[in-house]
Amino acid sequence: MTAVTALAAAAVSCGNAPESSQGTDFKYLIDEFADIKIMRYRIPGWESLTLRQKEYAYHLGEAAKYGRDILWDQNCRYNLQVRKVLERILENYHGDRECVDFQDFTVYAKRVFFSNGIHHHYAEDKFFPDCPQEYFRSLMEASGCDMSSADGLLKVIYDPDIFPQRKSNDPDGDIVALSAVNFYEGVTRDEVEEFYRKMTDPSDEEPVSYGLNSKVVKGPDGVIREEVYRIGGLYSTALEKIAGELEKAAAVAESDLQKQYISTLIAYYRTGDLELWDKFNIEWVQDTLGTVDFMNGFVEDYNDPLGRKATWEGIVNIKDHEASERTRVLSENAQWFEDHSPVDPRFRKKSVKGISAKVINATTLGGDCYPSTPIGINLPNADWIRKEHGSKSVTIANITHAYDLAAQESPKNTLNEFAWDEGEISAAKKYLSLTDEIHTDLHECLGHGSGQILPGVSPNALKEYSSTLEETRADLFGLYYMADPKLVELGILPDMEAYKAQYSNYIRNGMMVQFSRVELGRKNTEAHMQNRKLIAEWCYEQGRDAGVIGKKTRDGKTYFVVNDYEALRGLFGRLLAEVQRIKSEGDYEAGKKLVETYAVNIDPVLHKEVKERYDALGLRPYGGFVNPEIVPVVKNGKTVDYKVEYPDDYLGQMLEYGRKYATL
């Protein structure tokens, strides 16, 4: 996103307390299984909306839910078949549900629902049921499943050699052919790159994001073509439902501008014309006054091994006007930050345009934002639109608040385990919630919108490394300015000690804590985790002789301690300058070397230690959410209100969505 994911190492609290609708015993943490925790989130400010605004948010939310099947199919072409079998068993099996095998089956089903498919949502590897394959088959038979394709489907589920990774990052193999994602069929990496090379004009200063909304297929005739996501084309039935809800939303929109860009979005879904997608984004970034906002479309390219094709996602939100003051201040000073960036002046924007930022509260999460969601977003992704028309940045306050309160419901935390001493712990308790929010704001509001690529450089020049390097660039921008006196001057930081808690936590997490999420023996594959590892390890190596970051041991445990915060800031600045150069010049080889050297391989001894220490805490490293239910209140055949209910049954919501929002 140009998105920031929630870190396992530290939860963040927002400025406003959530509204109470169910008493003080409201529980945020509602389920735990495997490496996952499921939470609820509240919607502060809902009751202050007008009936028209509530109706607008309701239909936008329905549109977000109707895109669910698209994402499942994009992640792997067998995912929908697997999900429908799981749903049928869970709803129709009348045998023993208390036995260990059925409990193991249920955990597998929950994991598949969470990951929107059979591959881990973060680590990319396929995961497997703990119950025996023959038991799984017996569940299918007893539940009335179609057994004609059972053998093939069970192989997809159980065979480790079939679709082992959702997205391959094998530097020695064909990452297109080795990836399970359903973006390509019968084509090689070289064929795909040549296909799009012929479409691209390097001199085009407003390049279309070719391939963003399509599947590349080689037919029996050997001809390579695109199957475009559009009404009347690929994913037509889902897009028809989405467009239908968008039309209902447009009828009650807050402004003519909202009606206009919704109309453009619908036209894009009807035609698949990417120029209309650009038009929608340009219109959408101009809307800075509305209370209700949304994103709906094929947006993020993290899951594509070539960093070109986008998964479907949707999110609906309402603005937190009071909490948005901090992001307003940052946006108004965007040019100052750009002008004082440590990067080469050739790569800075001479005029920063249209950066708008706000704090929001999500009302509905959908597609690739559900059930695991980012905590910050910056869109649109097209560099030329950001440069010429601006961008929107958001921090999702009620999601970070839910993480914070769910963490408080657990008696143990990673801070006490991985921080070196009481000084670090006390500084983190005093400053970390605030500085986490500020780093997210800097990352989203300014980092992604900063810098410029040189004329003639393709926005896809960094290929499979583009997502990792872009997240690295935005994180470094935030880290560098986190320690700038300008933030104190603007009233964003309370003092010049606060940033140190963020620096210590970032190094701790990047060097160690985040690897609690990765299975032993596996590489570090997810873009955000690669970004954090790259920054932390590069700075550790570059500052080793000067002792900028110290590696210490105590009682057989390893700790990474920042000794010189000012010098660390200097290292962040140096690395930011290099990553910006790589992006601006499209230096693929330098980007590849940086990622492959610092971001991928995990020290196996340290990894084992981190896993053991983390597992002893009994925590789950990944989190996701159930959506609140927005329910129309009907009297005498007329909708008079929309009330919010907060379900606490994760599996129940997944099965309900399967019944209500299935489209493919």
Between [Y] and [X], is there a salt bridge with N-O shorter than 4.0 Å?
| X | Y | answer |
| --- | --- | --- |
| E578 | R574 | no |
| E124 | R166 | yes |
| E338 | K349 | no |

Check: Can you check whether E444's main-chain N or O pairs, donor with acceptor, with N378's side chain at less than 3.5 Å?
Finding: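 Indeed, once roles are kept as given, a pair shorter than 3.5 Å links the two residues.
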Check: Does H439 use its side chain to pair, donor to acceptor, with the backbone of D475 at less than 3.5 Å?
Finding: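 Yes, H439 side chain to D475 backbone: donor-acceptor pair under 3.5 Å.
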According to ring-ring contact (aromatic ring centres under 6.0 Å, His included), who are the partners of [X], at least two apart in sequence or on a separate chain?
| X | value |
| --- | --- |
| Y481 | F337, F477 |
| Y540 | F560 |
| H119 | none |
| W336 | H340 |

Notebook entry, point to check: For K198, does the NZ atom sit with more than 12 other heavy atoms under 6.0 Å from it, leaving out its own atoms?
Noted result: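 Atom NZ in K198 is not crowded, with 12 or fewer foreign heavy atoms closer than 6.0 Å.
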Note to self: Are there over 12 heavy-atom neighbours, none belonging to E275, within less than 6.0 Å of that residue's CD?
What the structure shows: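 Counting neighbours around CD of E275, 12 or fewer heavy atoms of other residues, nucleotides or ligands fall under 6.0 Å, so no.
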Under a plain distance cut-off of 3.5 Å, with no hydrogens placed, do [Y] and [X] share a side-chain donor-acceptor pair?
| X | Y | result |
| --- | --- | --- |
| T311 | D368 | yes |
| Q165 | D125 | yes |
| E541 | Y598 | yes |
| Q452 | R348 | no |

What's the spacing between [X] [atom1] and [Y] [atom2] if we round to 0.5 Å?
| X | Y | atom1 | atom2 | result |
| --- | --- | --- | --- | --- |
| Y184 | K309 | OH | NZ | 5.0 Å |
| L575 | I535 | CG | CD1 | 6.5 Å |
| L432 | E424 | CG | CD | 11.0 Å |
| N361 | I399 | CG | CD1 | 9.0 Å |
| I175 | L178 | CD1 | CG | 9.0 Å |
| N505 | L415 | CG | CG | 7.5 Å |

Margin query: My understanding is that only one of L306, V176, N460 makes a side-chain contact (heavy atoms from CB on, under 4.5 Å) with E193; could you say which?
Written below: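 Output: one option passes, namely L306.
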Notebook entry, point to check: Yes or no on side-chain contact (heavy atoms from CB on, under 4.5 Å) for I492 and R326, after CA distance, side-chain angles and deciding distance?
Noted result: CA-CA 7 Å; I492 292 173; R326 182 180 69 237; 3.9 Å; yes
Contacts of type side chain to side chain donor-acceptor pair (under 3.5 Å), residue [X], not counting sequence neighbours:
| X | answer |
| --- | --- |
| E585 | R346, R581 |
| N413 | none |
| K523 | none |
| S324 | none |

Note to self: Counting the benzene-type ring for Trp, do H528 and Y302 have ring centres under 6.0 Å apart?
What the structure shows: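 Close enough - the centres of the two rings lie under 6.0 Å apart.
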Notebook entry, point to check: Who pairs with D304 by salt bridge (charged side-chain N to carboxylate O under 4.0 Å, His left out), at least two apart in sequence or on another chain?
Noted result: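 Not a single residue meets the salt bridge (charged side-chain N to carboxylate O under 4.0 Å, His left out) criterion with D304.
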So, do [X] and [Y] sit near enough that their side-chain heavy atoms are less than 4.5 Å apart?
| X | Y | value |
| --- | --- | --- |
| I377 | S393 | no |
| E470 | K583 | yes |
| L571 | W538 | yes |

Check: Within 45° of the axis and under 6.0 Å from the centre of the six-membered ring of Y122, does NZ or CZ of R517 qualify?
Finding: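 Satisfied, under 6.0 Å and within 45°.
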Margin query: Given the ring of F183, does R189 sit roughly above its face, with NZ or CZ under 6.0 Å from the centre of the six-membered ring and within 45° of the axis?
Written below: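 R189 over F183 ring: no.
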Checklist line | All pairs passing ring-ring contact (aromatic ring centres under 6.0 Å, His included) where residues 569-592 contributes a residue, at least two apart | finding: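 Output for this query lists Y465-Y588, Y503-F572.
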Next item on the list: Among residues two or more places apart or on two chains, list those pairs meeting side-chain hydrogen bond (donor to acceptor under 3.5 Å, both in side chains) that have a residue in residues 484-498.
Entry: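 Pairs touching residues 484-498 that pass the test: Y431-D495, D484-R569, K486-E489, E497-K500.
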Validation: residues 352-359 side-chain donor-acceptor distances under 3.5 Å, sequence neighbours left out:
from: S356; atom 1: OG; to: S391; atom 2: O; distance (Å): 3.4
from: K358; atom 1: NZ; to: D293; atom 2: OD2; distance (Å): 3.1

